[in-house]
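Labels below follow one simple rule: chain letters A, B, ... track the order of the sequence lines, proteins then strands, and each chain is numbered from 1.
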Amino acid sequence: MSFFNPKAASSKTVAKHALDPALQPWVEKYRPKTIDDVSAQDHTVAVLQKTLTSTNLPHMLFYGPPGTGKTSTILALSRQLFGSPDNFRNRVLELNASDERGIAIVRDKIKNFARQTPRAQAVASDGKTYPCPPYKIIILDEADSMTQDAQGALRRIMETYARITRFCLVCNYVTRIIEPLASRCSKFRFTPLDPSSSSLRLSHIATAENIHVDSVVIDTLINTSNGDLRRAITYLQSASRLSSSTDPPTPITSVDIQEIAGVVPASVINEFANVLGVDVGDIMDIGNPVKKSSFESIRNKVKELMREGFSATQILSQLHDLIILHPTLSGRHKSLCAHIFAEADKALCDGADEELWILDVGLRVCKAITT
Amino acid sequence: MSLWVDQFRPRTLDDLHYHQGLSARLKSLAASGDFPHMLFYGPSGAGKKTRITCTLRQLFGGGVEKLKIDQRIFLSPSKRKLEVNIVQSNFHIEITPSEAGNYDRVVIQELLKEIAQTQQVDLNAKQRFKVVIINEADSLSRDAQAALRRTMEKYMSNMRIILCANSTSRLIAPIKSRCLLMRVAAPSPGEMELVLKHVAKRATFTLPPEAAAKIIDDTGGNLRKAILVLEALKMQSPDLSGPLTIAKPDWETYCHKVADLIVGEQSPARVMEVRGKFYELLSHCIPPTIILKTVAERVVERVDESLKADIMHWAAFYEVRMRVGSKKIYHLEAWVVKVMSLYKHFFFDIDMSSFD
């Protein structure tokens with residue numbers, strides 16, 4: 001190598017396409033390498049462990065909310081099954097929503113890949129031999145965004161080539177997978193992570209990255225991410241970036257996490273609730289007597305909230321928590337409010353105007369709890 | 001000569017007048033080399049785009065300001081041609097996928113993959129990655145957002161994405177969880193005054209405080225609008241003294257007229273009249289949501305307190321129907337009829353319950 005001039009050497013390293021591990025997103029960096037590493041999901045892991053020892057694998061359907069480890073599990077499993085990187089490359093086809101997955105692709109690309117008989121490879125390119133099961137795996141990530149037609153086209157393919165090809169569908173909403181496909185797979189439900197295993201994983205990452213994180217901060221992370229581990233890890237990484245880039249480095253606080261997560265500060269929500277006539281307890285009592293809420297005051301408050309740029313869904317969910325968990329409101333009032341929130345959420349999902357709907361929620365909640 | 005909005009737009013993060021904490025944060029992120037995907041959100045005219053360009057400058061230096069505009073043609077799956085305008089420099093590329101309407105997914109898939117799979121060729125570039133700015137991210141279709149998901153993770157080494165949106169409500173959770181959220185709030189009146197004064201100083205005149213107060217009051221936190229209004233006023237009366245009248249856009253006065261018609265009389269003939277006016281507005285490409293909001297706001301100013309809540313409720317109700325439905329005028333009309341019946345019911349105590 002010595003006769004290479006330094007310039008050629010440097011361009012070669014660039015061409016390697018490898019990302020400096022320090023700059024990699026932690027979500028990728030700490031993806032579980034083996035299925036034993038997968039946090040929680042004990043049941044799924046136990047079943048998959050068995051398949052590692054036998055040479056058989058059913059078609060699989062993984063479903064569950066985002067950030068629960070579905071993609072990680074299947075990637076780790078296939079990596080373990082195939083051992084060498086060569087085998088992994090030849091025998092695993094991963095397709096996700098960023099690839100075109102219309103019916104044409106199912107008919108050509110997937111079918112062609114599925115029908116090839118896997119070639120036995122005794123010696124891998126690095127000179128070692130790896131055990132290799134006699135089938136290939138096709139991973140269809142985010143399968144719920146495939147069209148009905150494309151899913152329909154898969155039906156027969158899955159059966160015909162079942163001897164040599166196994167499918168793994170990964171999706172968030174199992175209801176969007178057509179019944180004939182779902183019935184061909186063994187289903188694995190991924191549950192949102194429980195706080196203890198999330199916190200274990202987060203502190204593991206924190207120690208590996210050599211950052212100090214308080215248990216309070218970890219609690220905040222878990223609360224804001226609602227069992228979505230990927231979100232929690234991203235937040236942790238963002239927070240550590242922000243804290244380490246200031247000079248001198250400041251410790252991560254839970255306020256940082258809330259700001260990154262886009263959570264509306266509790267004081268803002270309390271103030272809004274106060275304008276709506278909800279009794280928010282001792283926080284607002286000082287110097288701000290509860291006055292009769294009027295149309296004008298609510299509208300001004302909503303305008304102010306919108307100017308601050310808070311997201312309507314976030315305001316809605318926090319206001320919901322505040323009212324539903326309110327200690328003194330009667331059950332009747334709460335159920336009226338719940339109805340209002342549900343309607344507004346539907347409207348916002350349909351892409352309605354945020355200001356109008358937050359105003360509507362405000363006015364109706366105000367009316368519901370004063371009558 | 002360019003408009004003041006462009007002429008006096010801050011170019012570096014240090015020049016920005018408000019949200020100092022945010023600027024400091026962006027600056028340290030740009031310096032750290034570990035730059036994440038980002039999502040800027042906030043009301044319009046709060047300075048999202050300005051902040052993004054300043055960040056880019058901080059990342060790559062002056063080179064990002066050498067822009068060229070391209071038009072790319074994409075083929076939809078049904079072989080239809082889609083033309084999309086692209087603004088790019090050597091280091092970044094800016095797209096508005098919503099231009100392609102329903103086919104924004106195709107644009108995202110093809111363009112992003114193309115950028116993601118090529119590497120930065122310029123050896124003198126400060127960063128190894130390119131930045132893709134996606135404008136109006138909240139109007140991306142579900143499919144297009146789903147297409148972004150894996151791309152954002154997979155090609156992190158070659159590309160960073162900056163999304164720019166008015167609100168995060170319409171973005172799917174997986175996208176939000178992959179980005180660092182940056183909330184850009186509208187400036188407070190004090191901050192707006194500071195900026196307006198700064199603009200006045202740069203344009204070498206002094207801004208009387210009354211004029212500033214009036215502009216700030218009228219524009220409601222939209223700084224772009226405020227500076228445009230300031231420039232317009234300066235054209236009208238060079239010394240900015242005396243009573244200032246901020247000209248309202250035509251459509252707004254027209255909407256107010258419609259509101260007055262609704263409050264004035266409630267009859268089928270009046271509905272027909274209002275309908276004609278709505279058609280006029282729609283044919284001038286005023287978005288129906290804006291029409292509904294402006295008219296509703298004007299109507300509630302002129303009716304009794306007890307009616308206001310109901311009118312706003314129905315406005316919200318028909319607004320969402322308008323989005324889901326296909327023919328906007330039906331829902332605008334339905335709302336007018338609803339308001340009229342509420343009004344009659346209230347004033348003359350006519351039982352309109354069979355109308356519901």
Side chain, backbone, both or neither: which part of [X] has a non-hydrogen atom closer than 4.5 Å to chain B?
X	value
Glu28(A)	side chain
Glu94(A)	side chain
Ala232(A)	neither

Atom group of [X] that falls short of 4.5 Å from chain A, counting heavy atoms:
X	result
Asn222(B)	neither
Val300(B)	side chain
Arg142(B)	side chain

Going by salt bridge (charged side-chain N to carboxylate O under 4.0 Å, His left out), name the residues that satisfy it together with Asp218(B), two or more places apart in sequence or in a different chain.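 Partners of Asp218(B) by the salt bridge (charged side-chain N to carboxylate O under 4.0 Å, His left out) criterion come out as none, since no residue qualifies.
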
Contacts of type salt bridge (charged side-chain N to carboxylate O under 4.0 Å, His left out), residue Arg178(B), not counting sequence neighbours: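 By the salt bridge (charged side-chain N to carboxylate O under 4.0 Å, His left out) rule, Arg178(B) matches Glu153(B).
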
Identify which of [options] forms the greatest number of heavy-atom pairs closer than 4.5 Å to chain A.
options	result
Ala315(B), Ala24(B), Gly221(B)	Gly221(B)
Ser167(B), Gly42(B), Gly45(B)	Ser167(B)
Ala144(B), Pro36(B), Ala309(B), Ser139(B)	Pro36(B)
Ala296(B), Gly220(B), Ala31(B)	Gly220(B)

Drop me the distance from [X]'s [atom1] to [Y]'s [atom2], to the nearest 0.5 angstrom.
X	Y	atom1	atom2	answer
Ile311(B)	Phe295(A)	CD1	CZ	8.5 Å
Glu297(B)	Arg299(A)	CD	CZ	5.0 Å
Ile358(A)	Ser169(B)	CD1	OG	7.5 Å
Phe310(A)	Arg183(B)	CZ	CZ	4.0 Å
Asn166(B)	Met306(A)	CG	CE	11.5 Å

Charged N-O contact under 4.0 Å between Glu354(A) and Arg170(B):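 Between Arg170(B) and Glu354(A) there is no salt bridge, as every charged N stays at least 4.0 Å from the carboxylate O atoms.
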
Closest approach of [X] and [Y], non-hydrogen atoms and distance?
X	Y	value
Arg307(A)	Pro187(B)	NH2-O, 2.8 Å
Thr168(B)	Ser311(A)	OG1-CB, 2.8 Å
Ser238(A)	Leu180(B)	CB-CD1, 3.3 Å

In sequence, state the C-alpha distance, the side-chain angles, and the governing distance for Lys293(B) and Asp353(A), and then conclude on side chain to side chain contact (heavy atoms under 4.5 Å, CB included). CA-CA 9 Å; Lys293(B) 260 172 95 172; Asp353(A) 188 85; 3.1 Å; yes

CD (Glu301(B)) with more than 12 external heavy atoms under 6.0 Å: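 It does: Glu301(B) CD has more than 12 such atoms within range.
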
Side chain to side chain contact (heavy atoms under 4.5 Å, CB included) for Arg231(A) and Lys176(B)? Distances and angles first, verdict last. CA-CA 9 Å; Arg231(A) 212 154 93 189; Lys176(B) 279 189 268 186; over 6 Å; no

Output the option from Glu355(A), Lys367(A), Gln314(A) having the highest count of non-hydrogen pairs under 4.5 Å with chain B.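 Max contact count across the listed options: Glu355(A).
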
Full working for side chain to side chain contact (heavy atoms under 4.5 Å, CB included) between Lys308(B) and Glu296(A): CA-CA 10 Å; Lys308(B) 289 178 176 179; Glu296(A) 278 310 311; 4.1 Å; yes

side-chain contact (heavy atoms from CB on, under 4.5 Å) partner of Met312(B), the single match among Leu356(A), Ile298(A), Asp360(A):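 It is Leu356(A); the other options fail the test.
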
